[in-house]
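Proteins get letters first, then strands, A, B, ... in listed order; numbering begins at 1 in each.
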Amino acid sequence: AQSVTQLDSQVPVFEEAPVELRCNYSSSVSVYLFWYVQYPNQGLQLLLKYLSGSTLVKGINGFEAEFNKSQTSFHLRKPSVHISDTAEYFCAVSDPSRGGSQGNLIFGKGTKLSVKP
Amino acid sequence: KAGVTQTPRYLIKTRGQQVTLSCSPISGHRSVSWYQQTPGQGLQFLFEYFSETQRNKGNFPGRFSGRQFSNSRSEMNVSTLELGDSALYLCASSPQGAVGNTIYFGEGSWLTVV
């Protein structure tokens, strides 16, 4: 079964510093990869996704992620964070072979990003 | 365009009771998925509905059930509630539900079982 590992449960960082949130997945077959963000008391919002093509994916709010097939990683980066980026970030994977079904997304346990002034 | 709407937002139930949660997807979306979020287990897939049919199911006991109506609105039901069912239940919708499609989450229903 596929699994997603987010290596850091919490990442504290100062405002305007760069940040990298790490994500590794277990599958050796082709997968689709996603990063979601969850602000306090809200649902999840898609930041970016990798389906195919360029391994560098740009998302909303200045975030980007790089797909590395050999290392089965999909790390999320932002060159300069803001206080408003404080939230929990989830990496997720889905299996393209499931055809027309979006289920099920396998999520990592999340990384809480705390941006300090 | 209105987002995914979940009701109720907060509720408290007693062990042994049952609960029904409701989800109205984004207009035009035909696929609805449900997820359970807890501090210990994280986000776990419950089930997915498309055109009133359950298309996929996660690894949850039969106490967890759902359905989808002809207008794509969905409900999930949990019977014989246990303390461990306390969680945030998230609903998500997408137009066709194809793998790789962006899915849009609601704000969730917070269930506390006492």
Side-chain angles (χ1 to χ4, degrees), chain A residues 1-10 23 25 27 29-53 57-60 67 74 87-112, chain B residues 3-7 9-10 21 23-26 29-51 53-60 66 68 74 87-110:
Chain A
Q2 291 179 10
S3 65
V4 176
T5 302
Q6 291 184 241
L7 296 160
D8 306 296
S9 60
Q10 296 189 53
C23 172
Y25 62 95
S27 177
V29 299
S30 295
V31 294
Y32 293 157
L33 294 155
F34 307 81
W35 274 99
Y36 285 87
V37 59
Q38 186 176 34
Y39 298 102
N41 298 317
Q42 293 189 26
L44 279 73
Q45 180 184 6
L46 180 69
L47 277 176
L48 47 81
K49 62 183 178 182
Y50 173 79
L51 304 184
S52 65
V57 181
K58 293 190 183 298
I60 62 172
F67 168 62
F74 190 55
E88 190 160 16
Y89 293 79
F90 294 91
C91 181
V93 62
S94 67
D95 183 351
S97 69
R98 299 186 80 89
S101 174
Q102 71 174 342
N104 59 61
L105 281 178
I106 308 298
F107 283 90
K109 295 283 183 159
T111 297
K112 290 184 179 177
Chain B
V4 178
T5 304
Q6 292 188 244
T7 56
R9 288 293 317 279
Y10 304 92
L21 308 177
C23 172
S24 293
I26 292 172
H29 286 194
R30 296 168 62 193
S31 170
V32 173
S33 297
W34 289 89
Y35 288 81
Q36 181 196 64
Q37 186 177 20
T38 60
Q41 298 298 318
L43 279 153
Q44 293 183 284
F45 172 75
L46 280 157
F47 26 64
E48 180 206 357
Y49 287 88
F50 181 80
S51 293
T53 301
Q54 188 180 86
R55 191 157 66 172
N56 224 320
K57 189 177 189 304
N59 191 25
F60 278 81
Q68 187 180 33
S74 177
L88 175 65
Y89 290 88
L90 291 165
C91 170
S93 76
S94 74
Q96 299 293 333
V99 174
N101 277 180
T102 297
I103 61 174
Y104 299 86
F105 284 84
E107 293 188 331
S109 292
W110 285 96

> Side chain, backbone, both or neither: which part of B/Leu88 has an atom under 4.5 Å from a heavy atom of chain A?
Replying inline: side chain
> Tell me, side chain or backbone of B/Gln44 under 4.5 Å from chain A's heavy atoms, or both, or neither?
Replying inline: neither
>> Does any part of the side chain of A/Gln38, heavy atoms only, come nearer than 4.5 Å to the side chain of A/Phe90, both counted from C-beta?
In response: yes
> Side chain, backbone, both or neither: which part of A/Leu46 has a heavy atom under 4.5 Å from chain B?
Replying inline: side chain
> Aromatic rings A/Tyr50 and A/Phe67: how do their planes relate, parallel, tilted or perpendicular, breaks at 30° and 60°?
Replying inline: parallel
> Going by heavy atoms in the side chains, are B/Trp34 and B/Gln6 under 4.5 Å from each other?
Replying inline: yes
> At a heavy-atom separation under 4.5 Å, does B/Leu90 approach chain A through its side chain, its backbone, both, or neither?
Replying inline: side chain
>> We want to know whether A/Lys109 and A/Ser9 form a side-chain donor-acceptor pair, criterion being a heavy-atom distance below 3.5 angstrom.
In response: no
